[in-house]
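Below is one structure, written out as structure tokens; comments come after it.
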Amino acid sequence: DTGSAAAVPIDPRFDIAYVTPVTIGTPPQTLQLDFDTGSSDLWVFSSHTPTSQIRGQEIYTPDKSTTSKLLDGHTWSITYGDGSASRGNVYTDNFTVGGLAVASQAIQCAQQVSSSFTTEESIDGLLGLGFSTLNTVNPASQLTFFDNAKSKLGSPVFTADLKNKQAGTYDFGFIDKAKYTGEITYVPVNPDPGYWTFTSSGYAVGSGNFSGSPITGIADTGTSLVYLPTAIVTAYYRQVQGATNSRNYGGYVFPCSATLPPFTFGVGETKFTIPASYMSYAPVTDGSSTCFGGLQSSSGIGVNIWGDVALKAAFVVFNGANPPTLGWATK
Ligand SMILES: N#Cc1c(N)n[nH]c1N1CCCC1
């Protein structure tokens with residue numbers, strides 16, 4: 001079996017996050033979920049979510065599905081790196097992504113979501129694509145959609161082809177040669193504690209020399225920006241007129257009119273260049289002439305994160321074989 005579904009930016013102006021349609025239950029209920037390789041819970045806005053916390057999101061109503069089953073006594077609670085959080089109870093039900101079906105997928109129904117989820121009306125929940133070891137369901141942790149689907153897939157892989165300000169694709173079970181150029185460079189993944197952790201071979205700022213120092217970090221579709229060591233980030237913004245590290249805005253900002261250099265990172269022998277246009281994320285507030293950078297420091301996080309700004313510059317294979325690997329190709 002295979003599956004293929006669109007990854008659609010939730011905002012046409014800035015690539016904050018991407019949502020992908022899924023169906024849950026019988027008859028099928030369609031929700032738009034944020035596919036997140038940086039976490040491993042599949043949770044949805046639901047009929048169990050207080051209406052005061054719902055603002056336009058689609059919800060899953062298990063009682064309307066003839067195939068839903070309560071996973072009695074199971075609960076979950078997750079907090080993300082940005083401080084957002086949600087918690088609730090758990091059902092199992094039929095679940096599909098782009099034609100790929102899993103019977104009895106654990107569907108974590110939100111009974112509480114934090115304000116940033118309530119105000120993000122385009123996201124009806126998350127679909128975790130990290131390793132199932134990160135799943136928060138108690139007393140028994142649950143498998144991700146990918147782990148449940150793996151045995152049905154021709155090849156135990158999924159791929160991310162995220163795009164700048166346009167819809168990309170998540171494919172499951174196959175590698176589409178039409179989506180990339182050249183060869184795919186595969187690198188080792190450390191699945192402990194549960195992220196797609198790999199080591200980049202180095203970086204360059206603009207047309208500068210490539211610095212071949214290893215950078216270990218996670219490939220995270222659920223994070224908008226790239227977070228790297230301060231030394232790399234300061235080297236980048238030294239090339240940006242008027243750039244400052246703003247305590248007020250919580251990161252590097254610059255005049256939206258500034259000329260930005262591209263940023264290159266290495267995976268094995270292959271070089272990936274993030275175009276300058278991807279390196280300006282968004283105005284700090286609507287209409288401001290001050291822009292927030294797509295590259296920020298990871299010093300406060302504890303892990304380097306290759307988020308959407310970097311992933312958009314590549315075709316990425318998440319290979320769930322044993323041992324797992326990550327494949328990177330230009331496109
Ligand atoms: N912070 C954060 C974060 C991350 N590192 N991966 N996915 C995240 N989120 C998904 C929805 C909210 C935040």
Side-chain angles (χ1 to χ4, degrees), residues 7-11 14-20 22 31-46 49 53-58 76-88 107-110 112-136 144-146 158 160 162 168 170 189-198 215-229 249-251 281-282 292-312 316 318 326:
V8 182
I10 61 171
D11 183 315
F14 329 109
D15 293 337
I16 300 165
Y18 300 83
V19 287
T20 298
V22 304
L31 275 69
Q32 310 295 329
L33 301 187
D34 178 355
F35 282 26
D36 178 14
T37 58
S39 66
S40 305
D41 282 34
L42 195 172
W43 72 263
V44 294
F45 278 75
S46 74
T49 311
Q53 296 178 15
I54 302 173
R55 194 152 311 147
Q57 291 83 0
E58 294 297 321
W76 59 280
S77 175
I78 190 164
T79 301
Y80 297 96
D82 64 359
S84 59
S86 51
R87 62 180 168 80
I107 312 291
Q108 299 170 220
C109 291
Q112 165 78 37
V113 301
S114 64
S115 59
S116 61
F117 284 119
T118 295
T119 53
E120 191 45 85
E121 45 199 78
S122 316
I123 295 178
D124 303 331
L126 263 75
L127 187 142
L129 289 168
F131 293 87
S132 293
T133 44
L134 291 177
N135 182 264
T136 74
T144 64
F145 166 75
F146 179 51
F158 66 90
L162 299 181
Y170 286 108
V189 161
N190 175 2
D192 179 12
Y195 304 105
W196 291 89
T197 304
F198 73 102
I215 311 163
T216 297
I218 68 172
D220 186 359
T221 57
T223 290
S224 316
L225 310 183
V226 176
Y227 296 87
L228 295 178
Y249 292 117
Y281 175 56
F292 198 74
L295 172 61
Q296 297 294 340
S297 171
S298 61
S299 60
I301 303 175
V303 66
N304 297 312
I305 302 180
W306 301 93
D308 299 335
V309 163
L311 299 174
K312 290 190 295 192
V316 187
F318 292 79
L326 270 176

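All values derive from a computational prediction rather than experimental measurement. Residues: numbered from 1 along the sequence shown. Order of appearance sets the numbers: ligands from 1, and atoms from 1 within every ligand.
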Below 3.5 angstrom, do we get any N/O pair linking Leu126 and ligand 1?
-> no
Check ligand 1 against Asp82 and write out every atom of the ligand that is under 4.0 Å from a heavy-atom position of the residue.
-> 1 (N), 2 (C), 12 (C), 13 (C)
Looking only at distances, please establish whether an N/O atom of ligand 1 is found under 3.5 Å from an N/O atom of Asp36.
-> yes
Would you say Asp220 and ligand 1 have an N/O pair spaced under 3.5 Å apart?
-> yes
Any side-chain heavy-atom pair of Leu126 and Leu42 under 4.5 Å = no
Which atoms of ligand 1 sit under 4.0 Å from any heavy atom of Gly81?
-> 1 (N), 2 (C)
Shortest protein contact, atom 12 (C) of ligand 1 (heavy atom only) = Ser84 OG, 3.4 Å
Per-atom contacts of ligand 1 with Gly222, taking only distances under 4.0 Å to non-hydrogen atoms = 6 (N), 7 (N), 8 (C), 9 (N), 10 (C)
Going by heavy atoms in the side chains, are Leu33 and Phe145 under 4.5 Å from each other?
-> no
Over all atoms of both residues, closest heavy-atom pair of Ser39 and Ile78 = CB-CD1, 4.3 Å
Nearest 0.5 Å, what's the CZ-CG distance between Phe117 and Asp34?
-> 8.0 Å
Note: ligand 1 atoms sitting under 4.0 Å from heavy atoms of Thr223 are 3 (C), 4 (C), 5 (N), 6 (N)
Closest contact, heavy atoms only, Ser132 versus Thr144 = OG-N, 3.1 Å
Any Val303 side-chain heavy atom under 4.5 Å of Tyr195 side chain | no
